[in-house]
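Report on the following structure.
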There are 2 protein chains.
Amino acid sequence: MPIAAKIRPSGELPGRRPAPEEAALGTTSKPARRKGRAITIHEVAALAQVSPMTVSRVINGNANVREATREKVMRAVEQLGYTPNLAARSLAAAQGTRIALIYTNPSGAYLSEFLVGALRGAARTATQLVVDTWDGLGADGERAAARALAKNVSGVILPPPLCESRGVIAELTSAGVPVVALASARSSEEISNVRIDDFRAAREMTAYLIAHGHTRIGFIKGHPNQTASARRHEGFQAALQEAGIAPDPGLVQQGYFTYRSGLEAAEKLLSRRKPPTAIFASNDDMAAAVISVAHRRGLDVPRDLSVVGYDDTSAATTVWPELTTIRQPIAAMADSAVDILLRSIRRKDRDIHMVVDHVVAHELVERASVAAPPKD
Amino acid sequence: MPIAAKIRPSGELPGRRPAPEEAALGTTSKPARRKGRAITIHEVAALAQVSPMTVSRVINGNANVREATREKVMRAVEQLGYTPNLAARSLAAAQGTRIALIYTNPSGAYLSEFLVGALRGAARTATQLVVDTWDGLGADGERAAARALAKNVSGVILPPPLCESRGVIAELTSAGVPVVALASARSSEEISNVRIDDFRAAREMTAYLIAHGHTRIGFIKGHPNQTASARRHEGFQAALQEAGIAPDPGLVQQGYFTYRSGLEAAEKLLSRRKPPTAIFASNDDMAAAVISVAHRRGLDVPRDLSVVGYDDTSAATTVWPELTTIRQPIAAMADSAVDILLRSIRRKDRDIHMVVDHVVAHELVERASVAAPPKD
DNA sequence: TTGAAAGCGCTAACAA
DNA sequence: TTGTTAGCGCTTTCAA
C-alpha cells in the first residue's frame, strides 16, 4: 500500500500494489549523484537522452509518447530508481490545491484507515492534504473553524459525525468550498458522498442470520446523530419483514457506537424473559461488548448466542470469537473521496456545481461468531 | 492537533492551536486573487509593505526582525488568513529531503498514532514523508525492499517489529541511510531510537500492583521478536525482587501481543491451583483478553482479579472495566523521530555519524481495573 | 535589519 | 511526437 512517491507508469490501477522490484542499478557510474540527494527528472532525461518533459509524460501515463521512447525512459527510471518529488509536482501541477480532512472523536482503528486512504489519494494526485481535529469545539467553535478553514483550502473531506453537522456544511458550502462526506448515509443535496449502501448491507446481514435459523434477533442501534444508523436499522427491519418475522420493539435497543453503550444494550437484551438467539450490533465495538456480556452470563458465543457487528474495524478481530461483520473499505473510500473532491474543485472553476453520491461495494465477512440457534 | 500547514509564528507552542480568526479582508482590490487560489507570501508582503523575504523570516521565527516589523507582518498574516504552502516550502527549503515510515502488522490504533505523529512532524519540518507497508514480504523481500528504499529516501523511521530486523537495518545503514527506531528497547549501536523506558515503566506498574496488596502477580510476556518485551519482563522481575517476593516461573506466561495469545496465557494462569490475584499483560490487547477470560470464569474485575495492560491504545478503553495501563506517547514519539532523523541527515553531510537514544516520559494511567486482592 | 536574485523539481502551455 | 519556456510559492545566499 504505497502512500506517497511511487511512480505510476502508464495505466497502472490505483488499487494494485506493484511487486517490490529488485534494485537493478549495477554500476553507479552514470550521473554523479551527490550524497543523499534524490534523483531528479533531469538525470533520468539525460540517461534516456530525451527532454525532461518527455520523462514527465511517461511517468504520468500521457498517451502521446512513442512506445520506443517510453520504454527507453522507463528503463532509465528503473535503472536510477527514480521517484518523483511530490513537493515539486504538487507545486507545479496542482495549482495551489489544498484539501483538508477534519475529524472529531478519533476512534482509533477507524481514523487510521481514513488517514491511510486520504494520504494515498493525496499522494497519488499530488495534492496537499491538511489534517486537523476539531475535538471538543462545540457547535459554535466548529462553525468558526469551518469559516476559517474555508479560506485556506479548496475542498474538505468530512468523516462522520462531522459530515452530519448542518452548521459546518452550511459554512463550507456557502463559501463555495466543495465537501465530500465519508461513510454517511445521507445523500445530501448539497454535498458529495462516498459510502456503502448501509440499508442493503444491514438487510443482507440480517438475512444471513435468518438463513442460519434465527428468528428472535436483537438489534442495537447506532448513534442517532449519524444518518447511517437509521439506514442500518431500516435494513434490519426490511429483512425481518421479507422473512415474515413480526418486529418486536423490545428486541431493538438504542446504542451510541461505544463499547459502553453496547454493554448496556446487551444487558437489556439478554435480561429478557425470552432473550434473542442472535444480536446484530450496529458497529464492532458494540458487538464486542455483547460478547463480553454474554460471556459474563455464562453464554457461549456462537453456540448459545450469535453476534454480528458492522464496519470490520480492528475490534472485530480483537475479540474472541472473531466477529462476523460488514466490511466497509474505509481506506479506499477516503482515497476515492480525494478524487471526487478534486474533480469537483476543477469543475467549480467552470461554474458547475457537481454533487455525486458514490456508493462502493461492502462485503459480508464471515468469521466465527455465528451459528444456528440452540435447539430447545 | 494541526498536522499540516499551520503557521508557527515565533514562539508558539506546538500543541496549542490558534483561535480561528475572522476574515477581515474588506476590499479585494490589492492583488487580484483568482477563485479558490490560496493566499501567497507576496500578498502578505504587499499588505504589510515589506518584502516577501521578511514575511518568510517572521513566520519562521527568525530572530533578525525588528519587533515593529514582525507585528506588522503578523497582522497582515492574520488579516489574510495566510497559511504557507507546504509544497513550496518543502521544495525550497528541505533540499530534496524525503523520509519514509515503513510498517508491518498495521495494528489499528497503534498505527494511526504513528501516522498522526509522523505526519505532524513532517508537516512541521516541511519534509516529504513516504509511508509504506511491507506486510508479508518475508525476510528476503524486506531486504530487497530496504535496498530499493535506500536509494529513494534520506532517512527511515521504523516502528516495531521492523526495527528489530537485522537484515533491514543492515541494508539501510550500509547504504548510509540513517534510521530511527520507534518504541524499541534495544538502544542499538547503529541506529537512533525514540522510546520510553520499558524497564522502569514495567517496574513501576508492578510496584503499583504490589502497593495495592498483591503478591501473587501473573505476567504475560510480549512477542519475543521485540526487545521491549524482554525489558518489560525484567522490570516486572525487578519490582518483585525489590519487594522481596519470590519469583514463581509458573506465573509467567509467554504471549505474542495478540488478543488470542492473551486468551491462552490467561487460561493457563487462571487454571492454576492458586491463581494470581493480579495479572500484568505486556500490552492492552492481551490485557483485554485476560478480562474476557476472567468474565467467562465468573470472576469480577477488579474485585476478584486485577488486570493491567501496557501502551494505552484504544483497546484499553474499549473494554470494561477500562484498563489501568502504561501510556506511551506514540504520536509525540513519532514526531520527535522526524526531528532526530532530520538532524542526523544534516549531520551526515558533515560526515559525522550520529546515534541518539531518546527516552521520553511514560505515564501510569489509573483507570478501573485494579483493586486490592480479595481477602481469603 | 532588510531586500534582490536565483533556484528547488516539476508540469502547463505553447511551439516545432 | 517531442522540446522550449515560464513559472508554481517558498527559501537560500548574498548584498545593501
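Only a predicted model underlies this, so the values are computations on that prediction, with no experimental measurement involved. Lettering of chains follows the sequences in order, A, B, ..., and the numbering in each one begins at 1.
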Tell me if a side-chain donor or acceptor on B:Ser336 pairs with a main-chain N or O of B:Ala332 at a distance below 3.5 Å. yes

Taking [atom1] from [X] and [atom2] from [N], how many angstroms apart are they, rounded to a whole number?
X       : N     : atom1 : atom2 : answer
A:Glu67 : D:dT2 : CD    : P     : 11 Å
B:Ile41 : C:dT2 : CD1   : C1'   : 14 Å
B:Arg89 : C:dG9 : CZ    : P     : 18 Å
A:Lys72 : D:dT2 : NZ    : P     : 8 Å
A:Ile59 : C:dG9 : CD1   : C1'   : 10 Å
B:Glu71 : C:dT1 : CD    : C1'   : 16 Å
A:Asn62 : D:dG3 : CG    : P     : 13 Å

Is the phosphate of [N], meaning OP1 or OP2, less than 4.0 Å from a side-chain N or O of [X]?
X       : N      : value
A:Ser90 : C:dC10 : no
A:Asn85 : C:dC10 : no
A:Ser56 : C:dT11 : yes
A:Asn60 : C:dT11 : yes
B:Thr69 : C:dT2  : yes
A:Arg66 : D:dT2  : yes

With sequence neighbours excluded, tell me which residues meet salt bridge (Lys or Arg N to Asp or Glu O under 4.0 Å) with A:Arg143.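 Only A:Glu171 meet the salt bridge (Lys or Arg N to Asp or Glu O under 4.0 Å) criterion with A:Arg143.
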
Measuring from A:Asp335:CG to A:Glu113:CD, what's the distance to the nearest 0.5 Å?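 If we round to the nearest 0.5 Å, A:Asp335:CG and A:Glu113:CD are 12.0 Å apart.
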
Of the nucleotides [options], which has the atom closest to the [X] side chain?
X       : options               : value
A:Ala92 : D:dC14, C:dT11, C:dC8 : C:dT11
A:Thr40 : C:dC10, D:dC10, C:dT2 : C:dC10
B:Ala88 : D:dT2, C:dC10, D:dG9  : D:dG9

Residues in side-chain contact (heavy atoms from CB on, under 4.5 Å) with A:Val356, at least two apart? A:Ser192, A:Ile340, A:Met354

Residue set satisfying side-chain contact (heavy atoms from CB on, under 4.5 Å) with A:Ala46, at least two apart, ordered chain then number -> none

Mind checking what makes side-chain hydrogen bond (donor to acceptor under 3.5 Å, both in side chains) contact with A:Ser51, not counting sequence neighbours? A:Thr54

For B:Asn62, what residues pass the side-chain hydrogen bond (donor to acceptor under 3.5 Å, both in side chains) criterion, not counting sequence neighbours? none

Between A:Met53 and A:Asn64, just flag the one whose closest nucleotide in DNA chain D comes earlier from the 5' side.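 Nearer the 5' end of the strand: A:Asn64.
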
So if I take the C1' atoms of five pairs at each end of the helix from C:dT1-D:dA16 to C:dA16-D:dT1 and get each local axis, what angle do the two axes make, rounded to 10 degrees? 30°

